[in-house]
There are 2 protein chains.
Amino acid sequence: MAATSIRDVASRAGVSVGTVSNVMNHPDKVSAAVAERVHAAITDLGFVRNDAARQLRAGHSRTIGLIVLDSRNPFFTDLARGAEDRAADSGLVVMLGNSGEDVARESTYLDVFEEQRVRGVLISPFGDVTARLETLRQRGTRAVLVDRQSEDARFSSVSVDDVAGGSLAVGHLIATGRRRIAFVGGPFEIRQVWERRRGAEMAVAAASGVSLEIIEVPALTVLAGRSAGEAIAARPAADRPDAVFAANDLVAMGILQALTMRGSTDISVPRDIALVGYDDIDFARAAVVPLSSVRQPSALIGQTAVDILMEETSDPALEPRAVVFQPELVVRESTGT
Amino acid sequence: MAATSIRDVASRAGVSVGTVSNVMNHPDKVSAAVAERVHAAITDLGFVRNDAARQLRAGHSRTIGLIVLDSRNPFFTDLARGAEDRAADSGLVVMLGNSGEDVARESTYLDVFEEQRVRGVLISPFGDVTARLETLRQRGTRAVLVDRQSEDARFSSVSVDDVAGGSLAVGHLIATGRRRIAFVGGPFEIRQVWERRRGAEMAVAAASGVSLEIIEVPALTVLAGRSAGEAIAARPAADRPDAVFAANDLVAMGILQALTMRGSTDISVPRDIALVGYDDIDFARAAVVPLSSVRQPSALIGQTAVDILMEETSDPALEPRAVVFQPELVVRESTGT
DNA sequence: CACCGAGTATGAATCGTTTCAACTCGTGGG
DNA sequence: CCCACGAGTTGAAACGATTCATACTCGGTG
């Protein structure tokens, strides 16, 4: 509770508080001898700058807020990692908030981040937050959407073309001879889910004799995937799809577990049902049946988002811009032979 | 850039700043009529409290710092999730820092968190941080170790008995008839790794005719595991261990990938090599061969750590205490028939 | 010898909130 | 009719770092 302040340092070093501040923030304005003495005083007293005071004066903090849909999804931890690394380059820290696909939590995090006067917010939105982000901006806090484009281009965004990804996945299934395809995903309020589905529908429409069944799940989790997989396995063989495109890898792995773990009925992946996931998380390749998946440059998304945020905060007049990466199909055994 | 302050709110509501503050922090001290007017003014002006100013006055912030060894390891994201949830109950936010098994980053995060005057630090230490944490405490910032016990009981900790876990894993391997066991893990500066190894050694010592080989890896990652697995697979069959205990599930999954993916040599898990991991992450059960693992109550660790931190900050005189959970073996196919 | 300017150092003002002692005012008891 | 009391309200002080106009110091120049 010593609570040594800059004033204590000043008096011990025999200089004024302004000088101490200069030593720390504008070393060029200070003579070597004085700097030396001040540094000695700082270490002697174990002085640690109070960031709250600094930021009160500065008007903004040294942190970036990041809100993700699911902090347990490796895709988002990779994204966060990318953001964190890039932020560190600018001496910033990332505060990670997990909305868990819950509008209340999402909103709470926005509140907290605004009270903290974060440098900016990176958000993978769940609810309809455009209005909220608009008022945020009016009050001086920028936001960049991650993993999703701003529908009306009012905010910068870094995303991946999910429609293309969906087409890629289902196009591949069709090319390998599948005809009764199921899309497993949800909730559809998540735009990414919706767009992957749209991509799937486009691929189906472009082929002939191919059907697409939509199986909605309540969340993009392994558990939800397992339930969906069990439901599929419980059907008579003739009613089952011969291929499944899951909205992300967690769901895909849940489905895979359900299909492969039931001892009695023998459903083989990929023989009976081919399976494609989305995100290409590290664990996908280590799955029971190594999972084909649509790869997104997760860390790069986080890095780019931070870059854009830094540009925008240094020049607030900048027009919002949308960076869109292209996804890439990774074929493994779950759709192979 | 409106930067509406509490003063603006006060003048618009026709009251003093003290009253506005009371409306927000001590509603009981304020008449209903005035509270009403103040709330109206707040919404009219879109006032958002400046947390920096609040915390400057209060002397501490509303955040908790958490430093983990590897933010990509599901064990730690689960732990973080537990901490985050519990913190939210007290209106706090968790700042997540990833040391990535790097002393410099770890130290930087400690610096940043101290400047931010966080409520407390939860840390899964990598380097030798006791001295550092000691000075932190002297200056008023408490720390709680997570996933590791404080050797000299100077800090509270929430951990799991890693020696017991190691014994559990290797005991199980021995009980199922394995005799040439390998422990794959590292770096040994990570105490958890060291203790799991110790547990393994104890189990081996308690049996007869069982050997334990130590294979060191540079990090607890899938990649490191894969290299180790490849090295094992490259040996002549007679030189290979008949069981492997991996220091965590990431390493185990890497090993599994290496053993199962090489087309030529046919090594079967568990027939030729049984495999046990550690942490029982969600993905372990979905692995190529569902992975036996030692389960830790990850989220509970995070929750408990926050609880302890809250207790200690509200009563700084409290003696440090160590909560130790017991691990649990989960048997799946990788060590089964 | 007075004056200049570059190079340094000073310290009061400032950021926005919370706290707290002091004040106001209406009410009920004596 | 006065006083004491309590509930409600006020406004200035404090938190600690940064900024910036001001002041000081010296060596050099006209």
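Only heavy atoms go into these numbers, but all of them, side chains included; no hydrogens, no water, no symmetry mates. Convention: sequence-line order gives letters A, B, ...; per-chain numbering from 1.
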Exercise for review: State whether a side-chain donor-acceptor pair under 3.5 Å links B/Glu312 with B/Ser156.
Suggested key: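 Side-chain D/A pair, B/Glu312 to B/Ser156: present.
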Review point. With no hydrogens and no angle check, do the side chains of B/Ser71 and B/Asn73 hold a donor and an acceptor under 3.5 Å apart?
Key: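 Result is no, nothing qualifies.
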Exercise for review: Report which part of the nucleic acid A/His60 touches: base, sugar-phosphate, or nothing (heavy-atom distance under 4.0 Å, all strands).
Suggested key: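 Nothing, no heavy atom under 4.0 Å.
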Review point. Under 4.0 angstrom, heavy atoms only, what part of the nucleic acid is A/Asn25 near: base, sugar-phosphate, or nothing?
Key: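 If one applies the 4.0 Å heavy-atom cut-off, A/Asn25 turns out to touch the sugar-phosphate alone, with no base involved.
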Review point. Can a donor-acceptor pair under 3.5 Å be found between the side-chain atoms of B/Arg54 and the base atoms of C/dT18?
Key: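 Per atom types, no contact qualifies.
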Check your understanding: D/dT18 base to A/Arg57 side chain: any donor-acceptor pair below 3.5 Å?
Key ->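 For A/Arg57, whose side chain was compared with the base of D/dT18, there is a donor-acceptor pair (under 3.5 Å).
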Practice item. With rounding to the nearest 0.5 Å, note down the distance linking CE in A/Met24 to CD1 in A/Ile6. Key: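 Between atom CE of A/Met24 and atom CD1 of A/Ile6 there are 4.0 Å.
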Check your understanding: CD/B/Gln303 to OG/B/Ser298 distance, rounded to the nearest 0.5 angstrom?
Key ->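 Between B/Gln303 CD and B/Ser298 OG, I get 9.5 Å after rounding to 0.5 Å.
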Take atom [atom1] of [X] and atom [atom2] of [N], then tell me their distance rounded to the nearest Å.
X       : N      : atom1 : atom2 : result
A/Glu36 : C/dT8  : CD    : C1'   : 17 Å
B/Lys29 : D/dG6  : NZ    : P     : 13 Å
A/Leu56 : C/dT17 : CG    : C1'   : 8 Å
A/Arg7  : C/dT14 : CZ    : P     : 15 Å
A/Arg49 : D/dC15 : CZ    : C1'   : 17 Å
B/Ile6  : D/dA12 : CD1   : P     : 15 Å
A/Asn50 : C/dC15 : CG    : P     : 18 Å
A/Met24 : D/dG16 : CE    : P     : 13 Å

Check your understanding: Which residue, B/Arg117 or B/Asp28, contacts DNA chain D at a nucleotide closer to its 5' end, judged by nearest heavy atom?
Key ->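 Of the two residues, B/Asp28 wins.
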Check your understanding: Relative to the 5' end of DNA chain C, which residue comes earlier, B/Ala52 or A/Gly14, by the nucleotide with the nearest heavy atom?
Key ->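 Mapping each residue to its closest nucleotide by heavy atoms, the 5'-most match is A/Gly14.
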Review point. If you pin A/Asn22 and B/Val20 to their nearest nucleotides in DNA chain C, which one's is more 5'?
Key: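 Of the two residues, A/Asn22 wins.
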Looking at [X], does any N or O in its side chain come under 4.0 Å of the phosphate oxygens OP1/OP2 on [N]?
X       : N      : answer
A/Ser31 : C/dA9  : yes
B/Ser5  : C/dG16 : no
A/Thr19 : C/dA9  : no

Check your understanding: Counting side-chain heavy atoms from C-beta on, which of D/dT19, C/dG16, D/dG11 comes nearest to A/His26?
Key ->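 Side chain of A/His26 sits closest to D/dT19.
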Review point. Is there a donor-acceptor pair under 3.5 Å between the side chain of B/Ser99 and the backbone N or O of B/Val68?
Key: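 Yes.
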